[in-house]
Structures are given as structure tokens and as C-alpha cells.
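To keep things clear, I will list the structure first and then write my remarks on it.
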Amino acid sequence: MVKVVIIGSGNVAQHLIAAFQNAQIQGSEIELVQVYSRQTASVSHLLDLEQITNDLDTLAEADLYIISVSDDAIASISSQLPFKNRLVVHTSGSVSLNALDEDNRKGVFYPLQTFTKNKPVDFKTIPICLESENATDFQLLDKVAKSISEKVFAINSDQRKALHVAAVFVNNFTNHLYQIAQEICQEHQVPFEILKPLIAETANKIMVLSPEEAQTGPAKRNDTETIAAHEAFLSQANHLDIYKTLTQSIQENGKKL
């Protein structure tokens, strides 16, 4: 059995705990032996109390330690680990492998997905991006990752940074645009629910088309009359600024330099 310890109790950590426990139920050779959390109550609904510790000095013996904490805490936590020459990884999309302390072998175990507590996800469909300093450690990470996901990739730190930035565009920025659309609907007493089939179809289209091929709308058509009408309609300055910026970006996309 490959023994795993998770250090952290936030959104990503809790989903990893659930994924490993489900894998164990399915007969996986990966065993989640312990979770570290400063507040044991935050994960007590997921684990037996004897599997939880709030003291780094009492971390169990394991083959892999997964640090799943906020980005700015990774270096500090890794420097406090009470052992040397063990495989320690973090789950961040934007933090370099080199942020981990030199006392241990370093790696990255980055599940690329948006996580919310108490909202189940199918971890088998979530891409896990792996990085390590040597081939032997990568083989172990690959085995662990494939116990919970069917989509595992070797991604270096520079590539992971690019993925993380791209993910902000497709997830965080897109969700903010949904919020703006909801505000516009609320301002004019229109149910936001009406837009949900359009949101679903927009997402579904890029499963079979490239984003460039799927692009539609007045900016794509260079429909200046409709664009002007929309700009005149928008009453909030920040909404108007975003509309103009995105319109210009769509219009300039594909133009020869």
C-alpha cells in the first residue's frame, strides 16, 4: 500500500480526502492514513478522529505528503515538517515546485478544477498535473493520481503557471461575467434563469469546436449599430468598460499584425 498524508483542510484538501476515501472503497492500493488540520473539527465529518492531527510533529509515516493549503502558507508549512528526504508535494497552480523546503524531495500534485465545500465532484474527470524532481518520485505520483483520476498529465512549473492563468480566464473571469449578466437582469426585472440554457450551450460548443470557431455575436459580425445600442444601454461604468474591452478584443482577434 502507498500511504498518503494530506496537510490542510480547505476546499481542495476536503475534496482530495473524499476522493482517496472513495478510491479505498473501490479497492485502490492507496491508503489515506492521516490528515493535518489546525482545527480538527473542520474535517471531523470526513474522517475518524484518530486519523486527524493538529500537530505537525505527530505526522504519520507515509510515502507521500500532500500540502493543500493557501499559496502563501506552502513554504512555511513545508519548512516546519519534522523529517527529511520524504516526498512532499503541494496542490497549487501558481506556486513553483522550488517553494518547497530543500530538506525533502519535492513535487506538485495540482488538480485543475474549481472546488466548493459540500459540492461533490467526479474526481475521475478532473485533470491532475504532476511535477517532480526525479523519475522515481514521478512514478509514485502518477500511481497515486491515477487512483483517483483518469486524466493525469506531466506539467512543469512554467506550463502550470500558463494553465493557471488560462484557468482564471475560463473560470473566474467567466463567472464574474455571469454575475454582471445577473445584475443587468435584476436591474430590469428579468429572470436570470432564462440565460442558463445559453450558458450551457456556450460551454458545450467548445467540446466540439475551437473557441474561435464557436465565437458569435455583434463584435464577431462587426455589427456596429448593435454595439452602439448596447453601449448606450449600459448604465454602470464598469459594465460599459468591460463590454468595450471584450468587444475590441473579439474584433481584433485573428487580425494580421
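Since this is a predicted model, take the numbers as computed values, not measurements. For reference, positions follow the sequence shown, starting with 1.
Of the residues Gln251, Glu252, Lys244, the one that meets the side-chain hydrogen bond (donor to acceptor under 3.5 Å, both in side chains) test with Gln248 is Glu252.
Here the closest non-hydrogen pair linking Val89 and Phe109 is CG2-CB, 3.7 Å. Annotation for Asn104 and Glu133: closest pair O-OE1, 4.5 Å, computed over non-hydrogen atoms. Between Pro82 and Asp57, the shortest heavy-atom contact is CB-OD1, 3.7 Å. Nearest heavy-atom pair, Pro218 versus His230, reported as atom, atom and distance to 0.1 Å: CG-CE1, 4.2 Å. Here the shortest heavy-atom pairing between Ala219 and Ile227 reads CA-CD1, 4.0 Å. Taking every heavy atom of both residues into account, Ser68 and Ala13 meet most closely at OG-N, 3.3 Å.
Atom CG of Asp72 is separated from atom CD1 of Ile77 by 10.5 Å, given to the nearest 0.5 angstrom. Rounding to the nearest 0.5 Å places CG of Asp137 at 5.5 Å from OG of Ser132. Here OG of Ser28 is found 10.0 Å from CG of Asn22. Values are rounded to the nearest 0.5 Å. Taking CG from Leu195 and SG from Cys185, the interatomic distance works out to 4.5 Å, rounded to the nearest 0.5 Å. Note: His45 NE2 to Gln14 CD = 4.5 Å, rounded to the nearest 0.5 Å.
A donor and an acceptor atom, one from each side chain of Thr40 and Asn54, are nowhere located under 3.5 Å apart. At a cut-off of 3.5 Å, with distance as the only test, a side-chain donor of Glu131 or Ser157 sits close to an acceptor on the other residue. Residues Ser235 and Glu187 bring a donor and an acceptor atom of their side chains to less than 3.5 Å of each other. A side-chain donor from one of Ser76 and Gln80 sits under 3.5 Å from a side-chain acceptor of the other.
Taking the side chain as every heavy atom from C-beta outward, Phe153 and Lys151 approach each other to under 4.5 Å. Counting heavy atoms from C-beta outward, Asp103 and Leu81 have side chains that stay 4.5 Å or more apart. With contacts defined as side-chain heavy-atom distances shorter than 4.5 Å, the pair Gln113/His15 does not qualify. In this structure the side chain of Lys205 reaches within 4.5 angstrom of the side chain of Thr216, judged on heavy atoms. At a threshold of 4.5 Å between non-hydrogen side-chain atoms, the residues Val144 and Val2 count as touching. In this structure the side chain of Phe123 reaches within 4.5 angstrom of the side chain of Ile128, judged on heavy atoms. With contacts defined as side-chain heavy-atom distances shorter than 4.5 Å, the pair Leu64/Leu141 qualifies. Between Ser147 and Phe20, the closest side-chain pair of non-hydrogen atoms falls below 4.5 Å.
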Ile148 and Ile30: CA distance, side-chain angles, deciding distance, side chain to side chain contact (heavy atoms under 4.5 Å, CB included) verdict: CA-CA 9 Å; Ile148 60 174; Ile30 313 301; over 6 Å; no

Going through the distances and angles, do Asn85 and Arg105 end up as a side chain to side chain contact (heavy atoms under 4.5 Å, CB included)? CA-CA 6 Å; Asn85 198 33; Arg105 305 185 330 267; 3.5 Å; yes

Show your reasoning for whether salt bridge (Lys or Arg N to Asp or Glu O under 4.0 Å) applies to Glu61 and Arg86. CA-CA 10 Å; Glu61 185 91 16; Arg86 298 188 193 175; 3.3 Å; yes

Hey, mind stepping through Phe115 and Ile126 against side chain to side chain contact (heavy atoms under 4.5 Å, CB included) and telling me if it holds? CA-CA 11 Å; Phe115 294 101; Ile126 295 175; 3.8 Å; yes

Leu49 and Ser44: CA distance, side-chain angles, deciding distance, side chain to side chain contact (heavy atoms under 4.5 Å, CB included) verdict: CA-CA 6 Å; Leu49 285 177; Ser44 60; 4.1 Å; yes

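Not counting sequence neighbours, the partners of Asp48 by the side chain to side chain contact (heavy atoms under 4.5 Å, CB included) test are Glu50, Gln51.
Under the 4.5 Å side-chain heavy-atom criterion for ILVMFWY residues, a single connected hydrophobic cluster contains both Leu112 and Leu97. When the side chains of ILVMFWY residues are joined at heavy-atom separations under 4.5 Å, either directly or via intervening members, Leu87 and Leu130 end up in a single hydrophobic cluster. When hydrophobic clusters are built by joining Ile, Leu, Val, Met, Phe, Trp and Tyr residues whose side-chain heavy atoms come closer than 4.5 Å, directly or via intermediates, Tyr65 is grouped together with Leu56. Tyr110 is not connected to Val95 by any chain of hydrophobic side-chain contacts under 4.5 Å among Ile, Leu, Val, Met, Phe, Trp and Tyr, and they are in different clusters. Each of Ile7 and Ile17 belongs to its own hydrophobic cluster when Ile, Leu, Val, Met, Phe, Trp and Tyr are linked at side-chain heavy-atom distances under 4.5 angstrom.
No more than 12 heavy-atom neighbours from other residues, nucleotides or ligands sit within 6.0 angstrom of CD on Glu29. Atom CZ of Phe233 has 12 or fewer neighbouring heavy atoms from other residues, nucleotides or ligands inside a 6.0 Å radius. Counting heavy-atom neighbours within 6.0 Å of Glu225 CD, excluding the residue itself, gives a total of 12 or less.
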